[in-house]
Q: 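Questions regarding the structure given below will be posed in turn.
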Amino acid sequence: MEQPKWPQRPLEREGILFVISAPSGAGKTTLCKEVVDIFPGLRQSISFTTRPRRAGEQDGIDYHFVSAETFAAMVAQGAFAEWAEVHGNRYGTALATLEDCRRTGTDVLLDIDCQGAAQLKQNWPGGVFIFIVPPSFEELERRLRGRDTDSHEVIARRLLNARQELREMAWYDYLVVNDDLERAREELKAVFVAESCRVTRRLAAAQKRFAEPDPR
Ligand code: ADP
Ligand code: 5GP
């Protein structure tokens, strides 16, 4: 049987949990999509939400859209690794998704708010926490309005929450400023690559490799 190539031996380490947060409109969705396209081994978790579906969104692809009753039942069953109420709706990450990724060595990317990220920081050792900042508050507002997906009322609420969310950035591991999209993407890529090279993640595979008898 052909030997798997070094260093791509995902089953020799646990999957890495990458958590990305940012105020709404900073560009999380755009950047997450770009990195998932770049790293084939990286899977984006699909959250559950009670938020109404936006035009163009698909159930099971953008989110699992569920009723408030279904969400409450899932909370009661302990089905979420984290969940939070954000901008008046509930959002949560299925525990089964994270456990499955950890077990199978699949890296997973979560686009979640600061409350949910704080829960995982407590409960999920080894997680990597990345905060995306917009270049300015004015630009954030311009992007939210330019996206044209939310009512004036929803945008106003998101802008109000943004001030609160920006106070949370200090406890994250990495800060990426999304002014120029290309540069922000390169910075994010660098974080993903560097994190997968950590000794703690590579040591077992490396030791195993060099413990094998010299083939010469
Ligand atoms: P979030 O998921 O954080 O709410 P989005 O990814 O939906 O944000 O981005 C909000 C809007 O800003 C979208 O219309 C997106 O195309 C735009 N956008 C994202 N990044 C940039 C950037 N670097 N420069 C200009 N516009 C951007
Ligand atoms: P949107 O409604 O714009 O898709 O998302 C609103 C906010 O909810 C964003 O900050 C997004 O990161 C957050 N969010 C999405 N999914 C989850 C989740 O599973 N858990 C938590 N805590 N926040 C989430």
Side-chain angles (χ1 to χ4, degrees), residues 14-49 51 54 57 61-64 80-87 89-95 97-98 100-102 106-135 137 139-140 143-144 147 149 158 161-198 201:
E14 289 182 347
I16 307 172
L17 172 69
F18 291 99
V19 177
I20 295 195
S21 307
S24 184
K28 282 187 306 295
T29 310
T30 309
L31 281 165
C32 286
K33 194 176 172 316
E34 298 219 347
V35 286
V36 166
D37 287 347
I38 293 167
F39 296 104
L42 180 66
R43 165 177 164 195
Q44 183 153 10
S45 160
I46 301 168
S47 297
F48 286 77
T49 185
R51 165 168 79 60
R54 291 180 186 138
E57 284 183 330
I61 292 182
D62 298 288
Y63 282 103
H64 298 291
F80 292 122
E82 64 72 33
W83 70 271
E85 185 161 326
V86 192
H87 316 307
N89 295 295
R90 288 183 172 187
Y91 298 79
T93 304
L95 181 59
T97 304
L98 299 197
D100 187 50
C101 288
R102 178 148 76 177
T106 310
D107 298 336
V108 64
L109 177 61
L110 266 53
D111 162 353
I112 64 174
D113 91 309
C114 301
Q115 304 170 76
Q119 292 169 40
L120 291 174
K121 181 95 172 166
Q122 293 277 320
N123 305 333
W124 213 268
V128 180
F129 295 82
I130 306 163
F131 197 93
I132 313 275
V133 230
F137 204 76
E139 174 62 13
L140 184 69
R143 286 183 193 171
L144 274 176
R147 189 167 67 182
T149 51
R158 285 176 182 240
N161 289 349
R163 301 239 179 237
Q164 183 68 37
E165 287 160 339
L166 284 165
R167 289 193 200 111
E168 297 286 323
M169 65 175 119
W171 62 260
Y172 280 72
D173 301 314
Y174 296 95
L175 267 185
V176 170
V177 183
N178 183 19
D179 43 7
D180 176 66
L181 190 58
E182 200 171 319
R183 202 181 51 78
R185 186 207 307 128
E186 290 307 305
E187 289 190 1
L188 259 190
K189 265 170 68 181
V191 170
F192 282 72
V193 172
E195 282 293 334
S196 66
C197 296
R198 271 190 187 279
R201 305 194 204 279

Q: Heavy-atom distance under 4.5 Å between the side chains of Val108 and Thr106, does that happen here?
A: no

Q: Rounded to the nearest 0.5 Å, what separation is found between the CG atom of Asn123 and the CG atom of Leu98?
A: 10.5 Å

Q: Do the non-hydrogen side-chain atoms of Pro23 and Arg143 ever get within less than 4.5 Å of each other?
A: no

Q: Within this structure, what is the CZ-CZ distance for the pair Arg147 and Arg158, rounded to the nearest 0.5 Å?
A: 6.0 Å

Q: Closest heavy-atom contact between Gly116 and Ile112?
A: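 Taking every non-hydrogen atom into account, C-CD1, 3.6 Å.
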
Q: For Thr93 and Ser47, indicate whether the former's side chain and the latter's backbone hold a donor-acceptor pair under 3.5 Å.
A: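 Flag not set: sc Thr93 to bb Ser47 has no pair under 3.5 Å.
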
Q: For Phe137, check ring pair (Phe, Tyr, Trp, His ring centres under 6.0 Å) against everything at least two apart and list the hits.
A: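 Counting only residues at least two positions away or on another chain, Phe137 forms no ring pair (Phe, Tyr, Trp, His ring centres under 6.0 Å).
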
Q: Please determine whether a side-chain nitrogen of the Lys or Arg among Arg43 and Asp100 lies less than 4.0 Å from a carboxylate oxygen of the Asp or Glu.
A: yes

Q: Do Ser21 and Phe129 have side chains that get closer than 4.5 Å, going by heavy atoms?
A: no

Q: Using a strict threshold of under 4.0 Å (side-chain N to carboxylate O), is an ion pair present between Arg198 and Glu195?
A: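 So Glu195 pairs with Arg198 through a salt bridge.
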
Q: So do the side chains of Lys121 and Asp173 get within less than 4.5 Å of each other, counting heavy atoms only?
A: yes

Q: Can Lys28 and Asp113 be counted as an ion pair, charged N to O under 4.0 angstrom?
A: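 No.
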
Q: Salt bridge (Lys or Arg N to Asp or Glu O under 4.0 Å) between Lys189 and Glu186: does it pass, once the steps are laid out?
A: CA-CA 5 Å; Lys189 265 170 68 181; Glu186 290 307 305; 3.4 Å; yes

Q: Walk me through it: do Ile20 and Leu31 pass the test side-chain contact (heavy atoms from CB on, under 4.5 Å)?
A: CA-CA 10 Å; Ile20 295 195; Leu31 281 165; 5.9 Å; no

Q: Rounded to the nearest 0.5 Å, what's the gap from CG on Leu140 to CD on Glu165? Could you check?
A: 9.0 Å

Q: Okay, side chain of Glu82, backbone of Ala117: is any donor-acceptor separation there less than 3.5 Å?
A: no

Q: What's the separation between atom CG in Leu17 and atom OG1 in Thr97, rounded to the nearest 0.5 Å?
A: 11.5 Å

Q: Any side-chain heavy atom of Phe192 within less than 4.5 Å of one from Ile16?
A: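 In short, these two side chains do not touch, never coming nearer than 4.5 Å.
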
Q: If only atom types and distance count, is the side chain of Asp107 paired as donor or acceptor with the main-chain N or O of Leu42 below 3.5 Å?
A: no

Q: Can you check whether Leu188 reaches Tyr174 side chain to side chain, under 4.5 Å on heavy atoms?
A: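 No, every pair of side-chain atoms sits at 4.5 Å or beyond.
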
Q: Listing request: all side chain to side chain donor-acceptor pair (under 3.5 Å) pairs with a residue in residues 30-41, at least two apart in sequence or in separate chains.
A: Lys33-Asp37, Glu34-Arg185

Q: Any side-chain to backbone donor/acceptor pair from Asn178 onto Ala26? Under 3.5 Å, distance only.
A: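 It does hold such a pair.
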
Q: Could you tell me whether the side chain of Arg90 reaches within less than 4.5 Å of the side chain of Phe48, counting heavy atoms only?
A: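 The answer is no, as the side chains (C-beta and beyond) never meet within the 4.5 Å cut-off.
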
Q: Atom CG of Leu144 and atom OG of Ser24: how far apart are they, to the nearest 0.5 Å?
A: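 That separation rounds to 5.0 Å.
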
Q: Rounded to the nearest 0.5 Å, what separates atom CG in Asp111 from atom CD1 in Ile130?
A: 11.0 Å

Q: Just wondering, do Arg183 and Val177 contact through their side chains at under 4.5 Å, heavy atoms?
A: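 A side-chain contact exists here, since the closest heavy-atom pair is under 4.5 Å.
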
